[in-house]
Amino acid sequence: MELLPDPELADLPAPARDAAAVPIDVLVMGAGAVGCFVGGSLAGQGVRVMFVGRPRMLEALALNGIRLSDLDGNQRRVSPAALALADHVPPGVAPTLVLLTVKSGATVDAAAELGSVLPPGTHVVSLQNGICNVDLAAKAAPSLRVLRGMVPFNVAELAPGLFHRGTSGRIVVQRSRALRPWLGVFARAGVPLDLRSDMNGVQWGKLLLNLNNPVNALSGLPLRAELMDAGYRRCLAALMDEALAALDAAFIAPSRLSPLPARLVPAVLRLPTPLFKLVAARMLRIDAEARSSMADDLAAGRRTEIDALCGEVVRLAEANDLKAPVNARMIELVERWPESPHPLSARQLKAALQLG
Ligand SMILES: NC(=O)c1ccc[n+]([C@@H]2O[C@H](COP(=O)([O-])OP(=O)(O)OC[C@H]3O[C@@H](n4cnc5c(N)ncnc54)[C@H](OP(=O)(O)O)[C@@H]3O)[C@@H](O)[C@H]2O)c1
């Protein structure tokens with residue numbers, strides 16, 4: 001597949017290409033795990049996708065293209081020639097759709113850059129975790145139409161340009177007429193979209209599950225191994241209890257995104273492991289090596305999204321005259337981790353979170 005009309009253009013190092021001259025359909029703002037998986041899936045179907053990212057990533061994509069794999073054993077490859085790459089949003093581009101796929105701490109800068117270049121009214125779908133990214137992006141880029149999205153599956157970059165989906169699920173996006181023409185395209189690309197109106201509940205439902213990210217990151221274990229340990233599950237259950245109490249107080253109903261209703265999950269997490277394995281069998285359909293991306297962030301010394309997860313719980317609790325001390329302690333633990341970067345056993349983590 002060749003998306004760049006001039007073959008000579010494809011041979012140039014990615015950031016030097018005259019990206020503005022390339023007609024594109026979709027712009028991925030933040031070429032990383034999610035952006036490359038979803039954008040690469042679309043590019044594999046002939047959609048003209050531009051990836052805006054950091055030099056390290058652009059060099060890897062220019063060299064290797066994008067390779068995609070998933071837990072069902074599917075593998076796909078998109079050649080470098082089929083990818084439009086840029087280190088900034090080039091003036092003059094007019095994508096029909098933008099996927100915002102930076103981490104929460106980078107939202108404001110990324111959205112401001114999009115807003116300063118793209119035609120007013122361009123639709124931007126935030127595929128980020130957390131609750132506030134869409135509001136932050138809309139404020140930083142008031143001329144754009146920012147929509148909420150939620151990616152239920154885990155993606156990891158296993159090698160430069162190799163992105164692996166370690167769990168399954170359908171992407172959920174805020175209902176919008178502008179997205180209807182895209183439904184077939186995303187479905188054919190293997191990343192189907194569900195349009196929903198109750199995105200606040202969907203995002204809180206995802207946040208509840210994402211409370212496992214710091215537990216997983218601090219455990220130093222793959223997700224599956226961590227969830228098979230009753231002690232780590234107990235820590236996650238305590239984080240979720242506080243979030244559920246705050247949601248109740250705020251009259252927010254979190255959507256059911258796992259086989260179990262959100263409210264039952266803490267009780268299931270507290271079951272003895274053999275019983276947990278039976279009840280949560282579908283929840284445990286995870287690649288043996290999959291980890292949360294927060295583990296990668298800690299390992300690489302990058303800023304984490306802890307404030308967009310546990311921080312949201314603490315703020316929602318406080319806004320409703322409650323406290324969320326376990327989530328507050330988890331924020332401290334993650335922020336202090338670089339001072340002593342060693343995994344915590346389940347017993348150590350329970351003690352640090354002051355769980356009996
Ligand atoms: N990975 C997953 O499994 C997963 C699943 C569901 C949802 N999510 C959510 O999806 C979002 C993205 O996560 P991710 O794991 O894909 O993150 P990621 O791998 O870190 O990818 C984001 C990339 O965007 C780059 N970036 C940041 N600001 C930029 C800018 N202004 N211009 C160009 N590039 C920029 C980042 O570079 P720097 O690192 O230098 O900033 C990074 O390379 C997060 O909110 C995450 O919680 C992730």
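Every number for a ligand or one of its atoms is a count from 1 in the order of the listing. Here, residue 1 is the first one in the sequence, and each next residue gets the next number.
- Neither side chain, Ser176 nor Arg145, offers a donor N or O lying under 3.5 Å from an acceptor on the other.
- Heavy atoms of Thr101 found under 4.0 angstrom from ligand 1 belong exclusively to the backbone.
- Looking at Asp229 and Arg234, no side-chain N of the basic residue comes within less than 4.0 Å of a carboxylate O on the acidic one, giving no salt bridge.
- By the criterion of a heavy-atom distance under 4.0 Å, the side chain of Ala106, and not its backbone, is placed next to ligand 1.
- Residues Ser126 and Gln128 bring a donor and an acceptor atom of their side chains to less than 3.5 Å of each other.
- Between the choices Glu305, Arg303, Arg291, the shortest heavy-atom distance to atom 45 (O) of ligand 1 belongs to Glu305.
- One option in Phe37, Phe153, Phe51 has a heavy atom closer to atom 5 (C) of ligand 1 than any other, and that option is Phe153.
- Between Leu162 and Ser69, some side-chain heavy-atom pair lies under the 4.5 Å cut-off.
- Contact annotation: for Leu127 versus ligand 1, heavy atoms closer than 4.0 Å belong to the backbone alone.
- For ligand 1, the atoms lying closer than 4.0 Å to a non-hydrogen atom of Val155 are 1 (N), 2 (C), 3 (O).
- A side-chain contact (heavy atoms from CB on, under 4.5 Å) with Val125 is found for one member of Leu97, Ile171, Val26 and no other, namely Leu97.
- Residue contacts with ligand 1 for Ser292 are absent, since no atom lies close enough (heavy atoms, distance under 4.0 Å).
- The shortest heavy-atom distance from Ala31 to ligand 1 is under 4.0 Å.
- For ligand 1 and Arg302, the ligand atoms under 4.0 Å from any heavy atom of the residue are 39 (O).
- Between Arg56 and Glu157 there is a salt bridge, since a side-chain N of the basic residue sits under 4.0 Å from a carboxylate O of the acidic one.
- Here Glu157 has no heavy atoms under 4.0 Å from ligand 1, in either its backbone or its side chain.
- The Val151 neighbourhood of ligand 1 comprises atoms 6 (C), with distances under 4.0 Å to a heavy atom of that residue.
- Proximity of Lys206 to ligand 1, defined as any heavy-atom pair under 4.0 Å, is confined to the side chain (atoms from C-beta onward).
- Contacts classified as side chain to side chain donor-acceptor pair (under 3.5 Å) and involving residues 297-312 (residues at least two apart or in different chains) are given here: Lys103-Asp297, Ser104-Glu305, Asp297-Arg302, Asp307-Arg315.
- Side-chain polar atoms of Asn212 and Asn216 form no donor-acceptor pair below 3.5 angstrom.
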